[in-house]
Amino acid sequence: MNTFKKAALVLAMSGLCTGAFAAMADGTYEGVGAGRNGDIVVQMTVKAGKIADVKIVKHAETVGISDAAIATVPKAIVEAQSTGVDAVTGATMTTDGIKAAVAAAIKAAGGDPAEYAVAVVKKKAAPKLIRENADIVVVGAGGAGISAAVKAETLGKSVILIEKMPTIGGATVLNAGTLIATGSKYQREVMKETKDSPELAYKDIFRVGKDRNDPVLVKMVTEKVGSVVDWLIYDMKIPYGPAATQYPDHSANRQLGVEGRSINYLNLMRGKFLDMGGKLMLETRAQEFIRDQNGRVTGVKAVDANGNTVELTSKAVILASGGYGADQSMLPEKMKGYLFYGVDGETGDGYKMATSIGADTINLDLVKMYPQGVETRPHHGLAASASSTDTMKKSGAIYVNNKGERFVDENAGLGVLTDKTIEQPDSIMYIVMDKAAWQVYTDKSLEDKLVPTAESLMAWTKIVNKGRPVMAVSDKLEDAAKTMGIDPAGLTKTVKHWNDMVKAGKDADFNRKLSGGLGEGPYYIVEQKVRYQTTLGGLKADAGLRILDKAGKPIPGLYGAGCVVGGANGADSMTAMMNSWAIVSGVVSAESAAADIK
């Protein structure tokens with residue numbers, strides 16, 4: 001072999017060994033990738049032909065769910081010089097969006113994205129056994145788990161709180177942080193509501209729950225929520241106030257909202273838990289219970305992110321592991337046609353653990369569904385209820401089906417809107433807005449951080465599902481209707497009839513409280529699909545949140561809180577009740593466990 005060929009071979013082999021890629025030009029480059037909620041924009045800096053820095057400069061990802069991916073994935077890419085890094089558990093879509101954005105930036109820099117996508121293999125240490133002990137182990141750090149953990153610490157118990165995801169929050173991060181104030185000092189003195197009562201709240205919850213509720217749990221939550229609210233506001237100093245959006249399914253003024261939404265509640269409670277000496281173990285997934293010879297639950301076996309076995313022994317275990325909305329195999333068949341907007345961690349782990357030791361169940365056929373979902377990714381939707389509800393209260397916008405016909409009082413409760421949407425052809429409705437109504441919708445969407453910018457809403461016109469866009473905009477009502485697959489003639493007739501009723505001062509069709517008609521274009525039409533997050537069925541529990549076996553007797557040492565326990569919300573939950581149930585059941589489970597292990 002001549003000298004030239006030898007040199008070429010050495011250089012080629014050197015390139016294989018060192019991972020030398022197609023050269024990138026030094027500089028700063030931008031790339032865009034599709035995340036869970038929209039585009040993720042990154043700026044990548046190249047120095048000496050290598051990725052020197054990756055910054056995320058714009059995104060619309062959900063706070064709480066995406067935090068770990070936003071914080072760690074860019075650094076991991078720089079360290080590995082590869083986009084082939086592991087996805088962050090529970091934030092796969094965000095991870096993929098960041099990686100796609102970096103790949104686009106690599107291409108802009110003159111590199112080959114495929115060469116920078118080599119999978120990174122991490123060398124892990126040999127797994128080991130980790131043992132810890134506490135009075136109480138809480139499984140799951142969502143709204144129920146964090147509430148249980150804090151309450152138990154205030155009662156003088158040592159607590160270990162484990163969470164399988166890299167961040168706290170569970171499904172609670174997706175809600176607004178509303179809570180009912182029934183029976184509280186705050187409701188009487190600040191909200192000036194004196195006619196509410198546990199009995200009235202009980203009736204409301206059963207009405208919305210279609211009489212599928214567990215009466216024991218409903219009685220408990222309506223009688224206990226007042227003291228829990230006062231504990232949170234006056235003792236824990238959590239900043240609650242009247243909810244920004246008041247939904248119509250309550251018979252009294254009782255809807256509270258936490259400042260900064262649920263993510264703020266979670267972070268404040270986590271701080272209090274840690275300040276009191278609690279131990280938080282993230283990326284630690286419970287797998288089975290530890291039990292003594294008499295069948296009492298005395299702890300949990302788990303596995304952490306490094307593959308270590310974790311044995312946590314305790315006097316009591318509170319299961320707050322969430323529902324099973326993310327596991328299609330556990331859901332009723334009908335759910336396949338609706339949008340999932342929940343978190344990937346809702347896989348029923350705790351439910352499976354408890355039923356494996358004989359726990360009884362209730363209402364497994366029931367899933368919490370909401371209206372007004374917007375399908376921004378296939379089978380995944382944004383929860384746009386607050387935007388639609390506010391728009392209906394403040395404008396002349398209307399809901400129609402694909403025939404262009406109104407079919408409901410637009411200000412009806414969310415449960416009614418869900419049922420009515422399901423009854424329509426293809427189980428879909430549409431919100432029809434003029435320019436003024438669109439401004440209300442936009443303002444509320446930005447206020448609630450549904451999207452980061454008004455431009456992000458307009459991008460819905462480019463999202464197409466089954467041949468139809470998520471949104472249409474046109475100066476002509478007929479053209480917008482045609483684009484969305486709505487009968488143009490039917491919609492034109494409906495709008496004329498609606499405006500005539502507004503002028504006459506009465507909605508003769510559905511008795512809606514009037515707030516204006518539909519004016520001139522441009523017109524905006526947005527799909528409104530049924531969406532779901534978590535489940536309404538689960539484990540059977542008594543009023544003290546002790547998990548019951550099939551004979552109706554408590555399983556010693558085992559308590560439940562939140563969505564892993566079924567029955568409290570029946571076939572549908574009144575607005576604010578999913579979060580109220582999470583927090584109240586967490587507090588009560590801690591009180592019961594603390595009292596039982598004295």
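- Within the model, atoms CZ of Arg270 and CG of Leu274 stand 7.0 Å from one another, a figure rounded to the nearest 0.5 Å.
- With 3.5 Å as the limit, one finds a donor-acceptor pair spanning the side chains of Ser573 and Lys368.
- Of the charged side-chain nitrogens involved, at least one lies within less than 4.0 Å of a carboxylate oxygen, so that Glu375 and Lys529 count as a salt-bridged pair.
- Side-chain atoms of Tyr341 and Gln533 include a donor-acceptor pair closer than 3.5 Å.
- Around the CD atom of Glu311, the shell of radius 6.0 Å holds more than 12 heavy atoms that belong to other residues, nucleotides or ligands.
- For Ser387 and Ser445, the side-chain atoms include at least one donor-acceptor pair closer than 3.5 Å.
- Taking the six-membered ring for Trp and the full ring otherwise, Tyr324 and Tyr351 have centroids separated by under 6.0 Å.
- Donor-acceptor pairing under 3.5 Å is lacking for the side chains of Gln43 and Thr28.
- Looking at Asp67 and Thr167, their side chains never bring a donor and an acceptor atom within 3.5 Å of each other.
- For NZ of Lys279, the number of neighbouring non-hydrogen atoms (other residues, nucleotides, ligands) closer than 6.0 Å is 12 at most.
- Annotation: Lys58, atom NZ; neighbour count of heavy atoms from other residues, nucleotides and ligands within 6.0 Å does not exceed 12.
- In this structure, the side chain of Asp327 engages the main chain of Ser329 through a donor-acceptor pair within 3.5 Å.
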* Would you please test Tyr441 and Tyr524 for ring pair (Phe, Tyr, Trp, His ring centres under 6.0 Å) and show each step? => CA-CA 10 Å; Tyr441 191 93; Tyr524 302 78; 9.4 Å; no
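- Between the Thr309 side chain and the Leu129 main chain, no donor and acceptor come within less than 3.5 Å of each other.
- With values rounded to the nearest 0.5 angstrom, Glu478 atom CD is found 4.0 Å from Thr492 atom OG1.
- Here the CD1-CG distance, from Ile168 to Leu280, works out to 7.0 Å after rounding to the nearest 0.5 Å.
- At distances below 3.5 Å, not a single donor-acceptor pair connects side-chain atoms of Thr95 with backbone N or O atoms of Ala87.
- In this structure, the side chain of Glu163 engages the main chain of Ala141 through a donor-acceptor pair within 3.5 Å.
- Side-chain contact, Arg36 with Thr92: no donor N or O sits under 3.5 Å from an acceptor N or O.
- Between the side chain of Asn401 and the main chain of Gln424, no donor-acceptor pair closer than 3.5 Å is present.
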